[in-house]
Amino acid sequence: QVQLVESGGGLVQAGGSLRLSCAASGRAFSTYAAGWFRQAPGKEREFVASITWNGDNTFYSRSVKGRFTISRDNAKNTAYLQMNGVKPEDTAVYYCTADPAAASTIEALRDSLDIWGQGTLVTVSA
């Protein structure tokens, strides 16, 4: 059973950078696609980015493409989200997920994914 723990959230000024980490337990993680979602107060959880099991392909939402980068290091059983040029609208709790499904389908599978971390809060000040 894969379990996930996010870290790296905090307070950052608009235009700044932050790197989130998602540490996984369980050998299966290296064979799973990984993804990041976020949820702002009063809003639904929304897709941010996903990555294939081997890191060869990545997918991004329009709102973060060109600013955020998802990556993974399977030797460390960890996925990352590098956030550059953050904006106040990026403020949210960020959740990591993993699934054996294809990374390209992670966004559509949001409501059926059952492996999630506890979330890490990112607050962007204007």
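We're numbering straight along the sequence, starting at 1.
Of the inter-residue distances, the one linking Lys76 atom NZ with Ser30 atom OG reads 15.5 Å to the nearest 0.5 angstrom. One finds the SG atom of Cys22 at 9.5 Å from the CG atom of Asn77 (value rounded to the nearest 0.5 Å). In this structure, Cys96 SG and Phe37 CZ are separated by 10.5 Å, a value rounded to the nearest 0.5 Å.
Side-chain contact between Arg45 and Trp116 is present, with heavy atoms from C-beta onward closer than 4.5 Å. A 4.5 Å side-chain heavy-atom check between Glu6 and Leu20 finds every atom pair outside the cut-off.
Closest approach of Phe29 and Thr78 over heavy atoms only: CE2-N, 3.8 Å. Nearest heavy atoms, Phe59 versus Ala103: CE1-CB, 3.8 Å.
Of the candidates Ile70, Thr120, Val64, Ile51, Leu81 forms a side chain to side chain contact (heavy atoms under 4.5 Å, CB included) with just one, namely Ile70.
Shown here is Gln39, whose CD atom has more than 12 heavy atoms of other residues, nucleotides or ligands within 6.0 Å.
Annotation: salt bridge (charged side-chain N to carboxylate O under 4.0 Å, His left out) contacts of Arg110 (sequence neighbours excluded): Glu44.
The salt bridge (Lys or Arg N to Asp or Glu O under 4.0 Å) analysis of residues 85-106, with sequence neighbours excluded, yields the pairs Arg38-Asp90, Arg67-Asp90. For the side-chain hydrogen bond (donor to acceptor under 3.5 Å, both in side chains) condition, the pairs that include at least one residue of residues 52-62, sequence neighbours left out, are Thr52-Asn54, Asn54-Asp56, Ser61-Ser63.
Panel note: side chain Thr91, backbone Val124; a donor-acceptor pair is recorded below 3.5 Å.
Neither Tyr95 nor Val2 shares a network with the other; the hydrophobic side chains, linked directly or stepwise wherever heavy atoms of I, L, V, M, F, W or Y lie under 4.5 Å apart, form separate groups for each.
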